[in-house]
Amino acid sequence: MVAPVAKKIIAEYYGSAPHYSYMAGCSNGGREAMIAAQRYPDRFDGIIAGDPAFDLTRAAIAEAWFSVKMAEIAPKDPNGMPLLSKAFSESDLKLLAMLG
């Protein structure tokens, strides 16, 4: 973990250790924050674990599935490659914006 090394660098540079120490992460960083809270509870004054990703394998498969489905509906360029940025029409995007 880099926290102890970072604290030493800060103390060396500023002449004193930091007054407070926080960890924040999201997705895989959120998972790391949850692990840090369990393994190193005394290293930080606060930990923010945003949207921790615990099942990265399933997340990667879901992402790949989404890309395949987008490629199926997207128009193709002259070489037959899908243009993912054009998969949704402007009216589709407006509808999605209203729903979100």
Side-chain angles (χ1 to χ4, degrees):
M1 184 168 255
V2 300
V5 176
K7 290 177 184 181
K8 285 180 184 177
I9 292 170
I10 291 168
E12 188 71 29
Y13 185 82
Y14 289 103
S16 67
H19 297 292
Y20 299 101
S21 178
Y22 298 98
M23 179 179 184
C26 189
S27 190
N28 194 40
R31 182 184 65 80
E32 292 173 358
M34 296 286 286
I35 292 169
Q38 291 177 331
R39 293 183 186 169
Y40 314 106
D42 296 333
R43 285 201 182 157
F44 302 100
D45 296 299
I47 296 175
I48 301 167
D51 197 22
F54 289 106
D55 194 343
L56 297 177
T57 302
R58 284 190 184 189
I61 291 169
E63 187 76 24
W65 180 85
F66 180 73
S67 296
V68 168
K69 293 301 172 185
M70 288 287 290
E72 287 177 3
I73 66 169
K76 310 294 186 259
D77 71 8
N79 296 319
M81 297 299 295
L83 300 169
L84 297 180
S85 64
K86 305 218 184 277
F88 292 113
S89 68
E90 285 300 317
S91 60
D92 292 335
L93 294 173
K94 286 179 185 176
L95 176 62
L96 290 172
M98 288 185 344
L99 297 175

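As the structure is a prediction and not an experimental result, all values here were calculated from the model.
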Enquirer: Please answer: with hydrophobic residues joined when any side-chain heavy atoms are less than 4.5 Å apart, are Trp65 and Val68 in the same cluster?
Expert: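 As far as the 4.5 Å side-chain criterion goes, Val68 and Trp65 are not connected within one cluster.
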Enquirer: Starting from Tyr40, can I reach Ile47 by hopping between I/L/V/M/F/W/Y residues whose side chains sit under 4.5 Å apart?
Expert: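 The answer is yes; both residues are in one hydrophobic cluster.
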Enquirer: Just wondering, are more than 12 heavy atoms of other shown residues or ligands nearer than 6.0 Å to CZ in Phe54?
Expert: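 Counting neighbours around CZ of Phe54, more than 12 heavy atoms of other residues, nucleotides or ligands fall under 6.0 Å, so yes.
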Enquirer: What pairs with Glu63 under side-chain hydrogen bond (donor to acceptor under 3.5 Å, both in side chains), at least two apart in sequence or on another chain?
Expert: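 Glu63: no side-chain hydrogen bond (donor to acceptor under 3.5 Å, both in side chains) contacts found.
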Enquirer: So, Lys86 side chain and Lys76 main chain: donor-acceptor pair closer than 3.5 Å or not?
Expert: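 No; judged by distance alone, with no hydrogens or angles, the pair does not exist.
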Enquirer: Give a yes or no on this: more than 12 heavy atoms of other residues, nucleotides or ligands lie within 6.0 Å of atom NZ of Lys7.
Expert: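 Yes, the 6.0 Å shell around NZ holds more than 12 heavy atoms from other groups.
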Enquirer: Should the heavy atoms of other residues, nucleotides or ligands under 6.0 Å from CG of Leu84 be counted, would the total exceed 12?
Expert: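 Counting other residues, nucleotides and ligands, CG of Leu84 exceeds 12 neighbours.
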Enquirer: Under 4.5 Å between any side-chain heavy atoms of Met23 and Glu32, yes or no?
Expert: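 Met23 reaches Glu32 side chain to side chain.
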Enquirer: Quick check: does any side chain N or O of Asp45 sit under 3.5 Å from a backbone N or O of Tyr22, one acting as donor and the other as acceptor?
Expert: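 Answer holds: no.
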Enquirer: I want to check something: taking the side chain as every heavy atom from C-beta on, are Arg43 and Pro4 in contact at a cut-off of under 4.5 Å?
Expert: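 Touching, per the 4.5 Å side-chain cut-off.
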Enquirer: Going by heavy atoms in the side chains, are Ile73 and Lys69 under 4.5 Å from each other?
Expert: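 They are not in contact (no side-chain heavy atoms under 4.5 Å apart), so the answer is no.
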Enquirer: Quick check: closest heavy atoms across Gly30 and Ala49, and the distance to 0.1 Å?
Expert: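 Here Gly30 and Ala49 meet closest at O-CB, 3.6 Å.
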Enquirer: CD/Glu12 to CD1/Ile9 distance, rounded to the nearest 0.5 angstrom?
Expert: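 These two atoms lie 9.5 Å from each other.
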Enquirer: Please give me the minimum heavy-atom distance between Pro82 and Ala74, naming the atom from each residue.
Expert: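 Reported closest heavy-atom pair: CB-CB, 4.1 Å.
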Enquirer: How close do Arg31 and Ala53 get, counting heavy atoms only, and between which atoms?
Expert: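 So the two residues come closest at CD-O, 2.9 Å.
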Enquirer: Taking CD in Glu90 as the centre, count heavy atoms belonging to other residues, nucleotides or ligands within less than 6.0 Å. Is the count above 12?
Expert: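 Atom CD in Glu90 is not packed in, count stays at 12 or less.
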Enquirer: Could you see if Phe66 belongs to whatever hydrophobic cluster contains Leu93? Use Ile, Leu, Val, Met, Phe, Trp, Tyr and a side-chain cutoff under 4.5 Å.
Expert: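 Looking at the clustering, Leu93 is in the same group as Phe66.
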Enquirer: Within the distance-only criterion (no hydrogens, no angle test), does the side chain of Asn79 pair as donor or acceptor with the backbone N or O of Met81 below 3.5 angstrom?
Expert: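 The answer is no, because no donor-acceptor pair under 3.5 Å joins these two groups.
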Enquirer: How long is the straight-line distance from CG of Leu95 back to OG of Ser89, given to the nearest 0.5 Å?
Expert: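 Reported value, rounded in 0.5 Å steps: 9.0 Å.
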